[in-house]
There are 4 protein chains.
Amino acid sequence: MGPTGRRGRPRSEAADARILDAALESLLDRGYDRFSVDEVAMQAGVAKTTLYRRWPTKDHLIVTVVARLQDSVPVEYTGDVRADLTHYLGEIVAGLHRMRQAGRPATSGDASAGLVAEVAAAAARHADVGAAVQAMFHRRNALVLTLLEHAREHGELHADVEPEVLFDQLAGALYYRLLVTGRPIDEAYVDRLVASTLRGASA
Amino acid sequence: MGPTGRRGRPRSEAADARILDAALESLLDRGYDRFSVDEVAMQAGVAKTTLYRRWPTKDHLIVTVVARLQDSVPVEYTGDVRADLTHYLGEIVAGLHRMRQAGRPATSGDASAGLVAEVAAAAARHADVGAAVQAMFHRRNALVLTLLEHAREHGELHADVEPEVLFDQLAGALYYRLLVTGRPIDEAYVDRLVASTLRGASA
Amino acid sequence: MGPTGRRGRPRSEAADARILDAALESLLDRGYDRFSVDEVAMQAGVAKTTLYRRWPTKDHLIVTVVARLQDSVPVEYTGDVRADLTHYLGEIVAGLHRMRQAGRPATSGDASAGLVAEVAAAAARHADVGAAVQAMFHRRNALVLTLLEHAREHGELHADVEPEVLFDQLAGALYYRLLVTGRPIDEAYVDRLVASTLRGASA
Amino acid sequence: MGPTGRRGRPRSEAADARILDAALESLLDRGYDRFSVDEVAMQAGVAKTTLYRRWPTKDHLIVTVVARLQDSVPVEYTGDVRADLTHYLGEIVAGLHRMRQAGRPATSGDASAGLVAEVAAAAARHADVGAAVQAMFHRRNALVLTLLEHAREHGELHADVEPEVLFDQLAGALYYRLLVTGRPIDEAYVDRLVASTLRGASA
DNA sequence: TTATAATCGAGACGGTACGTCGCGTCTTACC
DNA sequence: GGTAAGACGCGACGTACCGTCTCGATTATAA
């Protein structure tokens, strides 16, 4: 047994919680750019040092907050590929909706686009943030990719279907709409998207 | 011809050019975040006033610069849907590659991701930038969408194929990889992507 | 004739004045340590950058302020060495008194001691501040030294009197009391000091 | 004797020593401003708690350290006023020299000036430090003042010489040079200073 | 030819946030 | 109770960059 006894005063978990709460609130009603670390610390009743000891950068903090927003409840898959994919994409869309109205006062366009883009930018700015973001998505999508692989092996999808590519098409379409074309992403779109993608993939 | 209606000293076109050049250079070797308007103005030998008279915001300037990078040579389409799609996606990828090495020194991941994300963020920040970006993409993609529509009408694609959705799948997959998963985007991938997408769409 | 025309927006002299006023006030009623650049800028209605453009450091600013406090009205010398010295030392003491009550609330001891010590410390921290302080004292004392030299040449002081050493004894005693022993410095002391110093120097 | 009245673990004297050593070293090669309590504690291999239990303030610690540097070997006085004064001033100067090169890398000026000024400032900041410093100087100078008084009583100095004022002139000149004019303080200067001061004082 | 007016280079300005530093206190577990 | 470790609150620092402004100096059209 190595020396288990942690030395020194332990980090306050309460502080973590208060910071994340304050950050989330600040993020949602001020948006990424007007979000201020100083303000979050104040709102959380915490010294800035306490915050920076945990997240070395505004970017790091925000990514953590957004990741929480995106975390979806784990799901039981039914085995019906179409239904499961539709359901999963629906959850992604729901996660995006959770960051609606971040900052901008009811202007046209989807406010979550800004946040998603900023997170992607943050990921590019800091290697470690990038790694964390990729890991998060990887973890999130692992189950669906397994599902697709399984379906392929059991003949529900053509043998030459590549799960990763297939999933790129699905998730990619959502993000493309959100970030680039700005066109709406609703249930109907998800259905059409899944239909279009599975048209040739289903056995 | 009578009076032009313009009085006063005309704007220097040379200034426009010098600013854009300096901005491009600065953008490529410093990246978006360390890009500074002051520095660009200095490098261009131009007063900040002169710059801000043309682009009201750092974001506006950068979007202009990036748009230039992305402009591709217009193309004659052959009518072969698979080939034309593959070719067009290739051009998109080439455009992205043109922003490689922006700022970050040979870290893992694609430097262009940062720029793309920042532009998306800028689009979300300013309504007019957003409109411009969407218009740019719309213009760029119009021909391909027309091509797809034409192919559908001529029976090369199934009647129930929706060109817009199909294209979302293709372009989306590219951006998803670039911004989210960080996985490589090469010729081989484009081929597999087009194959996967067209598998069920071709008549 | 070189190009006299200054380029760019000239510095606001009003800003200088407002900053120095605010700094003086802040210094006197908060003292050196609780003096805050942020607060001064706010009180002066000036951006912090505007302040830092003029004084690169809190120390630089404070030294300027203190120097102003010490500036004495130029004096006509009578030629009576004892009287002139006494008068000049009195002015030095008056300058020190002007920084009384800086910060500390009526505790024992002379508050100006703190300020003088801090200025000396600042002079040691920054070479340029040191140079400025030395220059200030040199300028201030130049006249008296000339006076002493003149008196020596005209036989009012012994031929082997060294004005600089003599003045060190006088001014030094004042600062020594202020900074080290903390004993009071009043008119009577100045008289005794001058008497003691001139006892052997007068012809 | 019964119980000491002390319970629990006794304070480690080794800790005192290690702290003072580390503090001295840190002070000499980093100077007052870049001197940090955290660093000293780390260098001494001691918890900050341990340090603060002994010295309630950075200032208190530093004053202790500097006091050690200044402590001079007690001296037998010969009765020759000029020689004894010269010798004693020489010891003061030696004490000052012992704080040379504190922090600043071979810039012009005397590094010890910074330390002396900082100690004076600390004395002004904390009443107890001030008292301690004054007591220290009082103790140090007591013998010399007695010597002067004795000399006056025995007719070696004029009857109206005030020992305290005389000593202010001597010590003051040294500190004035050190802190204000920055001019060098060497053996020759001490000789000239003593000569100038005693010129009129000797019977 | 001389107003008039917009542009240009230069650089100061107000504003806002950043991330860092150091002090002195507090909270652990261990001795 | 002392000690090592280290988190914490507090407060200020000096920096960076944005987008606006104020200068004096140009450079065009219009009267």
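We name chains A, B, ... by the order of the sequence lines, and we start the count at 1 in each one.
- Comparing F/dC8, E/dC13, F/dA4 by their closest approach to the side chain of A/Arg11 singles out F/dC8.
- With F/dC8, E/dC8, F/dC23 as the candidates, the nucleotide lying closest to the side chain of C/Pro10 is F/dC23.
- Distance from the side chain of C/Ala15 is smallest for E/dC13 among the nucleotides F/dC8, E/dC13, F/dG19.
- Of the listed nucleotides (F/dC18, E/dG22, F/dA5), E/dG22 has the atom at the smallest distance from the side chain of D/Lys58.
- The CG atom of D/Asp59 sits 12 Å away from the C1' atom of E/dG24 (whole-angstrom rounding).
- When each of F/dA30, E/dC23, F/dT20 is scored by its nearest atom to the side-chain atoms of B/Arg7, the top-ranked nucleotide is F/dA30.
- For C/Arg9, counting side-chain heavy atoms from C-beta on, the closest listed nucleotide (F/dT22, F/dG14, F/dC17) is F/dT22.
- Minimum atom distance to the side chain of D/Ala47 is reached by F/dA5, of the listed F/dA5, E/dA12, E/dC23.
- Closest non-hydrogen pair, B/Phe35 versus B/Leu61, comes out as CZ-CD2, 4.1 Å.
- Regarding D/Arg34, its CZ atom lies at a distance of 14 Å from the P atom of E/dC23, rounded to whole Å.
- Close to E/dG14, at under 4.0 Å from its OP1 or OP2, lies a side-chain N or O of C/Thr50.
- Taking only side-chain nitrogens and oxygens, D/Arg30 never comes nearer than 4.0 Å to OP1 or OP2 of E/dG22.
- Closest approach of C/Ala113 and D/Ala124 over heavy atoms only: C-CB, 4.4 Å.
- Put simply, D/Arg53 has a side-chain N or O that comes within less than 4.0 Å of OP1 or OP2 on F/dT3.
- Shortest non-hydrogen contact noted between A/Ala122 and A/Val63 is CB-CG2, 4.2 Å.
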Full working for side chain to side chain donor-acceptor pair (under 3.5 Å) between B/Ser26 and B/Gln43: CA-CA 9 Å; B/Ser26 194; B/Gln43 289 291 335; over 6 Å; no

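- Mapping B/Asp38 and D/Thr57 onto DNA chain E via the closest heavy atom, the residue that lands nearer the 5' end is B/Asp38.
- The side chain of D/Lys48 sits closest to F/dA7 out of F/dT22, F/dA7, E/dA17.
- At a threshold of 4.0 Å, the pair A/Arg30-A/Glu39 counts as salt-bridged, since one of the basic side-chain nitrogens sits closer than that to a carboxylate oxygen.
- Put simply, D/Thr49 has no side-chain N or O that comes within less than 4.0 Å of OP1 or OP2 on F/dG2.
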